[in-house]
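Structure record follows, encoded as structure tokens.
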Number of protein chains: 2
Amino acid sequence: MPRDLRMSRILHVLIHMDRHVARATSDQIAGMISTNPVVVRRMMAGLRDRGIVTSEKGHGGGWRLARPLTEVTLRDVYEAVGAPVLFNVGPTAEPSDCLVEKAVDARLDSALREAEARLLTQFAAIRVEDVVQDFERDFADHVKTQGERRVCGGHTPDGDAG
Amino acid sequence: MPRDLRMSRILHVLIHMDRHVARATSDQIAGMISTNPVVVRRMMAGLRDRGIVTSEKGHGGGWRLARPLTEVTLRDVYEAVGAPVLFNVGPTAEPSDCLVEKAVDARLDSALREAEARLLTQFAAIRVEDVVQDFERDFADHVKTQGERRVCGGHTPDGDAG
DNA sequence: CCTTTCGCAACAGTTAAAGTTTCGCGCCTT
DNA sequence: AAGGCGCGAAACTTTAACTGTTGCGAAAGG
């Protein structure tokens, strides 16, 4: 159970916006992911800087998708939150004079860099729209077996339910 | 949160013990990795439980390797420190009722699990002895180009220089 | 008996994300 | 033009895990 939840939360938000609420205020978004509007603005700022969403102030303001989710990959989202360190483990931060430590850290670094490169490649290959497809399949099954049309937090797939 | 340095530090220690100091007290080991003996004992406890090292109390006590480094892999070390969470990013810890969140977390989980499995497989394929080989090659170069025989922290490759 | 050395418990320090509070500043409505 | 809405940003506190530190107990040996 890792710590940095921003990717998960942002994907959650982007999909809700695409499917259910074209425009959403930070307050409404905060409701979707059970947090508060300041945290939302902090997360969304990176997306705005990368042209994934836009923000508007004042009455009728809030957040909108700036491009379709077919043109946003998980890697875009990862970078939009500042490309945080992926691994919780790793070699010592600063190089040492000790040749033993150098050899150890070189090995660890090599393994971790390869794993990181692979993971980022995989992130780049997954469009947010692919996750939407996953959701739609799950949702169809859910409706069929349980007759329940609500998704979560009062939102339905056909419109904003506040 | 700072990165988890235990694997790096333990590998450093194991190699020094194998090459330079057959027996070492927690105090001496703490000197090798610039920390204090309590941290050392905490790290080494897992290795002892897994039969990688042994500890003895009292005069002449301390730590010893219990088996050759050809029989210890990076994965053994990883598990000896409690198999900490590898990734710093990931989905929300607890499953949600929201189908969107479920779809998001399933995708992230899938990508991360695959990356984790690959990394652990790679750790399992690297014996600590392989890192010793890396070190010996580097050390030979070092002696050739700089004529310096010290490794670090006052230890030489031929014996304990406490 | 006394020193050495590990074993263990308890607590403070560090770091980055998450959560909160409180401003200011545009923008739309009236 | 006034007022409320909503983002922007700064300044905290909280959280979680490893790390660092102190103190006491127990075992081993001279």
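Each chain gets a letter, A, B and so on, in the order its sequence line appears, and its residues count up from 1.
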With a 4.0 Å cutoff (strictly under), does any side-chain N or O of [X] reach OP1 or OP2 of [N]?
X	N	value
B:R41	C:dC6	yes
A:T35	C:dG19	yes
B:S26	C:dC6	yes
A:R3	D:dT15	no

- Item | Given DNA chain D, 5'-ward residue of the pair B:R6 and A:S55, judged by closest heavy atom | A:S55
- Item | Whichever of B:V81 and A:P37 has its nearest DNA chain D nucleotide further upstream toward 5' | A:P37
- Message: Looking at B:R127 and B:E71, would you say the former's side chain and the latter's main chain have a donor-acceptor pair under 3.5 Å?
- Response: no
- Message: Can a donor-acceptor pair be found, under 3.5 Å and without considering hydrogens, that links the side chain of B:D141 to the backbone of B:D138?
- Response: no
- Message: Apply salt bridge (charged side-chain N to carboxylate O under 4.0 Å, His left out) to residues A:D76 and A:R50 and explain how you reach the verdict.
- Response: CA-CA 8 Å; A:D76 292 327; A:R50 295 188 155 256; 5.2 Å; no
Protein-nucleotide distance ([X], atom [atom1]; [N], atom [atom2]), rounded to Å:
X	N	atom1	atom2	result
A:R23	D:dG6	CZ	P	7 Å
B:R64	C:dC6	CZ	C1'	15 Å
B:D27	C:dG7	CG	C1'	15 Å
A:L86	C:dA17	CG	C1'	15 Å
B:N36	C:dC11	CG	C1'	14 Å
A:M7	C:dA16	CE	P	20 Å
B:N88	D:dA16	CG	P	15 Å
B:D4	D:dA16	CG	C1'	13 Å

- Query: When the nearest nucleotide of DNA chain C is assigned to A:G58 and to A:P84 on a heavy-atom basis, which residue is associated with the more 5' position?
  - Reply: A:P84
- Message: Quick check: on DNA chain C, is the nucleotide nearest A:S34 upstream (toward 5') of the one nearest A:E56, or the reverse? Name the residue that is more 5'.
- Response: A:S34
So which nucleotide from [options] ends up closest to the side chain of [X]?
X	options	value
B:V38	D:dC5, C:dC8, D:dA9	C:dC8
A:R42	C:dC27, C:dG19, D:dC18	C:dG19
A:H59	C:dT3, D:dG3, C:dG7	D:dG3
A:K57	C:dG7, C:dC27, D:dT19	C:dC27
A:T25	C:dG7, D:dG3, D:dC7	D:dC7

- Message: Ring-plane angle category for A:F135 and A:H20, please: parallel below 30°, perpendicular beyond 60°, tilted otherwise.
- Response: perpendicular
- Is a donor-acceptor contact shorter than 3.5 angstrom present between the side chain of B:R48 and the base of C:dG7? no
- Query: For B:G62, which contact category applies under a 4.0 Å heavy-atom criterion: base, sugar-phosphate, or nothing?
  - Reply: sugar-phosphate
- Message: Is it true that, when you exclude A:R113 itself, more than 12 heavy atoms of the residues, nucleotides or ligands shown sit nearer than 6.0 Å to its CZ?
- Response: no
- Message: With clusters defined by side-chain heavy atoms of hydrophobic residues (ILVMFWY) lying less than 4.5 Å apart, directly or transitively, does B:M32 cluster with B:V38?
- Response: no
